[in-house]
Amino acid sequence: PAAMPYVAGILRHTSVLRRLDLGGNHVDDLGINHFAAGLQNNTSLEALSLRLNEYIGDAGAEALANALPPRSHLTRLDLGGNRLSDVGVGRLLEAFERSGLRELQVDDNAPRRSLGHAVPPLLGAALLNRLKQLQASRMGLGTPVEESSRVQAKQASASEVDEYWAQVYPATRSGQS
């Protein structure tokens with residue numbers, strides 16, 4: 001929407017705004033690009049909801065992920081009900097590594113392909129130690145989705161899963177919790 005550059009200006013200059021809900025405003029990737037420019041310099045925003053905009057896709061997720069400064073004050077991000085695929089969700093999960101994000105909601109998105117294969121590699125030891133909430137309901141986890149050429153999801157055995165987590169989170173190898 002045309003108002004997003006103005007919202008970005010407010011974000012750039014406010015030092016008191018803690019929570020912002022822009023849900024259901026038909027914000028798209030272009031609007032998020034404007035918004036992200038304001039988010040980069042914001043030092044007060046702690047919770048942001050962009051739920052149910054329906055037009056925010058992977059490009060918008062990329063812009064938000066790039067806008068999150070190291071040790072950002074933003075701890076909660078809700079992008080449920082948009083058009084993120086595993087690519088966009090992956091970029092947001094990577095942002096956890098360097099930002100202050102602790103809670104991410106990406107439920108009810110319309111992924112182009114199954115999110116299931118992207119999640120385990122992204123949930124490394126750093127995320128296991130910092131991520132407090134990941135809401136990803138109805139995102140196609142474990143459900144192979146047909147693309148132009150059918151791709152079959154490989155089902156991992158229990159031992160393969162255990163070995164993966166032992167590599168990602170070494171404490172599990174020695175039986176420590």
Side-chain angles (χ1 to χ4, degrees), residues 1 4 7-8 11 18-40 42 45-147 151 153 156 161 164-165 168-169:
M4 290 308 281
V7 174
L11 277 180
R18 300 282 181 250
R19 298 179 198 280
L20 180 58
D21 184 345
L22 295 173
N25 279 295
H26 305 290
V27 177
D28 60 10
D29 288 338
L30 180 59
I32 291 299
N33 281 331
H34 291 294
F35 182 83
L39 186 60
Q40 284 180 322
N42 182 277
L45 194 62
E46 297 170 356
L48 172 61
S49 176
L50 294 163
R51 176 171 281 285
L52 300 174
N53 278 292
E54 300 176 19
Y55 302 105
I56 300 172
D58 293 340
E62 176 85 19
L64 285 171
N66 289 337
L68 292 173
R71 298 181 211 350
S72 168
H73 286 82
L74 187 66
T75 59
R76 301 182 76 202
L77 178 58
D78 183 354
L79 281 163
N82 284 288
R83 296 184 186 269
L84 302 180
S85 76
D86 56 347
V87 174
V89 173
R91 285 296 292 127
L92 292 168
L93 286 173
E94 289 169 4
F96 272 90
E97 301 269 359
R98 67 181 193 303
S99 73
L101 281 173
R102 296 290 183 272
E103 296 179 27
L104 175 63
Q105 292 179 256
V106 290
D107 56 311
D108 290 323
N109 271 278
R112 290 189 297 268
R113 56 186 184 266
S114 173
L115 179 64
H117 73 278
V119 172
L122 295 169
L123 292 176
L127 294 180
L128 289 174
N129 293 326
R130 295 177 52 206
L131 185 63
K132 303 291 185 203
Q133 178 180 338
L134 172 62
Q135 185 172 335
S137 58
R138 293 179 293 277
M139 284 293 295
L141 293 172
T143 305
V145 177
E146 288 187 25
E147 293 182 1
V151 177
V161 171
Y164 169 78
W165 285 111
V168 169
Y169 197 57

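Numbering starts at 1 and runs along the sequence shown.
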Atom [atom1] in [X], atom [atom2] in [Y]: separation rounded to 0.5 Å?
X: R76; Y: E46; atom1: CZ; atom2: CD; value: 10.5 Å
X: N66; Y: L39; atom1: CG; atom2: CG; value: 11.0 Å
X: E94; Y: E62; atom1: CD; atom2: CD; value: 8.5 Å

What are the two closest heavy atoms between [X] and [Y], and how far apart are they?
X: N109; Y: N82; value: OD1-C, 2.8 Å
X: A63; Y: I32; value: CB-CG2, 4.2 Å
X: A36; Y: A67; value: O-CB, 3.4 Å
X: L68; Y: S72; value: CD2-OG, 4.2 Å
X: G57; Y: L84; value: O-CD2, 3.2 Å
X: A65; Y: R91; value: CB-O, 3.5 Å

task = Test salt bridge (charged side-chain N to carboxylate O under 4.0 Å, His left out) on R83 and D28 and set out the steps.
result = CA-CA 10 Å; R83 296 184 186 269; D28 60 10; over 6 Å; no

Test side chain to side chain contact (heavy atoms under 4.5 Å, CB included) applied to D58 and V87, D29, L92, V89, the passing residue =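 Checked V87, D29, L92, V89 against D58; only one passes side chain to side chain contact (heavy atoms under 4.5 Å, CB included): V87.
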
query = Checking side chain to side chain contact (heavy atoms under 4.5 Å, CB included) against L101, which of L74, L48, T75 comes through?
reply =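 When side chain to side chain contact (heavy atoms under 4.5 Å, CB included) is applied between L101 and each of L74, L48, T75, only L74 qualifies.
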
Test log, rule side chain to side chain contact (heavy atoms under 4.5 Å, CB included), inputs L22 and M4 = CA-CA 10 Å; L22 295 173; M4 290 308 281; 4.0 Å; yes

ask   = Does any non-hydrogen side-chain atom of I56 lie less than 4.5 Å from one of F35?
value =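 SC-SC contact between F35 and I56 ruled out.
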
task = For residues R18 and H73, determine if any side-chain heavy atom of one lies less than 4.5 Å from a side-chain heavy atom of the other.
result =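 They are not in contact (no side-chain heavy atoms under 4.5 Å apart), so the answer is no.
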
task = Determine, step by step, whether R51 and D107 satisfy the side chain to side chain contact (heavy atoms under 4.5 Å, CB included) criterion, reporting the C-alpha distance in whole Å, the side-chain angles of both residues, the deciding distance to 0.1 Å, and the verdict.
result = CA-CA 9 Å; R51 176 171 281 285; D107 56 311; 2.6 Å; yes

task = Could you tell me whether a side-chain N or O of N33 sits under 3.5 Å from a main-chain N or O of G31, the two making a donor and an acceptor?
result =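 Not confirmed, N33 side chain does not pair with G31 backbone.
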
